[in-house]
Amino acid sequence: MFVKEVTLRHFRNLGCQSVAFCPGVNLIYGKNAQGKTNLLESVFLLSCPKGFRQGRERDYIAFGEAAAKVLLRYQASGREQTLELSLFSDARKSILLNGVPIRKNGELASQFCTVLFEPGHLDLVKEGPEQRRHFLDTAISQLRPKYQSALESYSRVVAQKNMLLKKNAGFSSGLPEMLAVWNEKLADLGSYITLQRGSYVRKLSAAAAAHHARLSHGRETLFVEYRAFCGAPDEGLFTSLSELRRLLLQQLEQALPLEIERGMCMVGPHRDDMELLIDGRSARLFGSQGQQRSVVLSLKLGECELVEQTVGESPILLLDDVMSELDRARQQYVRSSFGNRQVLITSCGRARFSKKAAAFLVSGGTVTRLEAPKEDRPCTGA
Ligand SMILES: Nc1ncnc2c1ncn2[C@@H]1O[C@H](COP(=O)(O)OP(=O)(O)OP(=O)(O)O)[C@@H](O)[C@H]1O
Ligand SMILES: [Mg+2]
């Protein structure tokens with residue numbers, strides 16, 4: 001799939017304008033604080049309505065305005081399609097897919113897919129499990145219609161159970177019975193989330209390992225393992241929802257006295273992690289900076305391949321200022337992996353990029369397509 005044109009209305013500092021992209025590499029460049037990331041974000045938002053920067057949805061609306069709109073014209077499933085997102089300052093929001101309202105975020109899964117790689121992702125190995133869970137959840141939500149809503153319901157139930165545990169510090173009568181009701185819900189939702197994450201990581205491990213082997217010239221082996229409440233279970237378990245549910249409920253029941261003592265929910269996918277191993281050793285604890293960067297790069301390229309396997313089309317690759325963070329060899333590797341994918345890439349300078357890329361200058365929120373010399377023209381636009 002590829003974006004033909006994005007039309008913006010009061011989106012952050014980008015004002016009201018349309019930008020037509022080409023199906024290949026699109027370089028978005030300009031000085032700091034001009035709107036490069038905002039442009040990428042407007043495209044990303046339609047694949048993942050939660051966005052990638054901290055903050056509330058109304059923060060996307062230009063300061064002083066009451067509403068913002070992003071209209072995307074894109075090619076997917078062999079035809080032109082549209083996605084339109086409207087955000088209002090009173091927190092209302094609407095999404096239209098080909099003019100038809102979308103009721104749940106999940107309905108967007110597989111419709112329009114992006115893979116984002118930004119400097120923050122380079123900490124994916126070093127940081128805590130929350131970042132790795134977020135990486136998995138964003139990737140799976142784009143592919144599985146039910147996943148996002150299961151995740152939201154699960155978080156709500158965990159919050160409600162935590163509230164109950166805090167209010168009733170210590171063993172009070174009736175508490176175990178009330179908790180049992182929440183545990184049933186947690187087991188339903190949690191087993192589904194674990195199953196989806198476990199099977200995603202199994203496929204991701206194979207795809208990322210191939211990239212890591214190439215990046216390390218065959219010297220290192222990457223293995224990605226999902227660490228669930230039930231440890232790092234064998235493959236069979238991640239295909240059996242009922243067995244996962246039974247195990248989760250059992251562990252929740254066992255953890256009851258500890259949860260009452262600590263006043264919080266201690267078991268379930270909200271505490272899971274993804275272990276990244278180079279030659280069997282933790283990349284977080286033993287990997288060098290360079291090895292850790294190769295792991296993240298391999299995960300991101302693996303993510304692209306899983307979209308292609310599941311959806312049958314290439315995602316749009318969004319690279320936000322990430323090239324300058326990579327050394328030459330890794331930059332070269334990223335470029336060689338572009339293939340037929342559409343790439344939107346931001347950078348402060350134009351110099352290091354091929355003349356074949358379509359170039360857009362962003363200045364003070366205005367995006368201007370720069371004409372390449374005739375013989376270098378990569379495409380004619382939309
Ligand atoms: N809701 C908003 N309304 C108006 N302007 C906003 C809004 N949100 C952010 N901005 C402004 O948009 C500007 C551009 O931000 P952006 O992150 O896109 O910059 P950038 O070109 O990617 O810069 P850098 O090279 O530093 O990453 C910032 O100066 C920011 O203050
Ligand atoms: Mg930026």
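Start at 1 and go down the list; that is how both ligands and their atoms are numbered. Residues take their numbers from the sequence shown, with the count starting at 1.
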Next item on the list: Could you tell me whether D188 and R245 have a side-chain N and a carboxylate O separated by less than 4.0 Å?
Entry: yes
Next item on the list: Check each of L14, N32, D321 against atom 24 (P) of ligand 1 and report the one with the nearest heavy atom.
Entry: N32
Check: Among protein heavy atoms, which lies nearest atom 17 (O) of ligand 1, and at what distance?
Finding: R53 NH1, 3.0 Å
Margin query: With a 4.0 Å cut-off on heavy atoms, is V362 in contact with ligand 1?
Written below: no
Check: Any Lys/Arg nitrogen of K104 or E107 sitting under 4.0 Å from an Asp/Glu carboxylate oxygen of the other?
Finding: no
Checklist line | Heteroatom distance test (Y60, ligand 1): nitrogen or oxygen, under 3.5 angstrom | finding: no
Next item on the list: For atom 23 (O) of ligand 1, grab the closest protein heavy atom and report residue, atom and distance to one decimal in Å.
Entry: A33 N, 2.7 Å
Notebook entry, point to check: Does NZ belonging to K69 count more than 12 external heavy atoms closer than 6.0 Å?
Noted result: no
Notebook entry, point to check: Are side-chain N/O atoms of R12 and Y60 paired as donor and acceptor at under 3.5 Å?
Noted result: no
Notebook entry, point to check: Would you call D272-R133 a salt bridge at under 4.0 Å N-O?
Noted result: no
Notebook entry, point to check: Which heavy atom of the protein is the closest neighbour of atom 7 (C) of ligand 1, given with residue, atom name and distance?
Noted result: F63 CZ, 3.4 Å
Notebook entry, point to check: For ligand 1, is any non-hydrogen atom under 4.0 Å from I61's backbone (N, CA, C, O), its side chain (CB onward), both, or neither?
Noted result: backbone
Notebook entry, point to check: Does a side chain donor of either H121 or Q131 reach within less than 3.5 Å of an acceptor in the other side chain?
Noted result: no
Check: Does R12, backbone or side chain, put an N or O under 3.5 Å from an N or O of ligand 1?
Finding: yes
Notebook entry, point to check: Are any non-hydrogen protein atoms located under 4.0 Å from atom 31 (O) of ligand 1?
Noted result: no
Checklist line | Contact check: T346 to the Mg ion (ligand 2), N/O/S below 2.8 Å | finding: no
Margin query: For ligand 1, which is the ligand I care about here, please tell me if C348 has any N or O atom under 3.5 Å from one of the ligand's N or O atoms.
Written below: no
Next item on the list: Go through the side-chain N and O atoms of T346 and D321 and say whether any donor and acceptor fall under 3.5 Å apart.
Entry: no
Check: What protein heavy atom is closest to atom 18 (O) of ligand 1, reported as residue, atom name and distance in Å?
Finding: N38 N, 2.9 Å
Notebook entry, point to check: What about the rings of F360 and F21, do their centers lie closer together than 6.0 Å?
Noted result: yes
Notebook entry, point to check: What do you reckon, does G35 put a non-hydrogen atom under 4.0 Å from ligand 1?
Noted result: yes
Check: By number and element, which atoms of ligand 1 are closer than 4.0 Å to a non-hydrogen atom of N13?
Finding: 4 (C), 5 (N), 6 (C), 12 (O), 13 (C), 14 (C)
Check: If you draw a 6.0 Å radius around CZ in R330, do more than 12 non-hydrogen atoms from other residues or ligands fall strictly inside?
Finding: yes
Check: Any protein heavy atom lying closer than 4.0 Å to atom 13 (C) of ligand 1?
Finding: yes
Notebook entry, point to check: What protein heavy atom is closest to atom 27 (O) of ligand 1, reported as residue, atom name and distance in Å?
Noted result: T37 OG1, 3.9 Å
Notebook entry, point to check: Is there a donor-acceptor contact under 3.5 Å linking the side chains of Y192 and R197?
Noted result: no
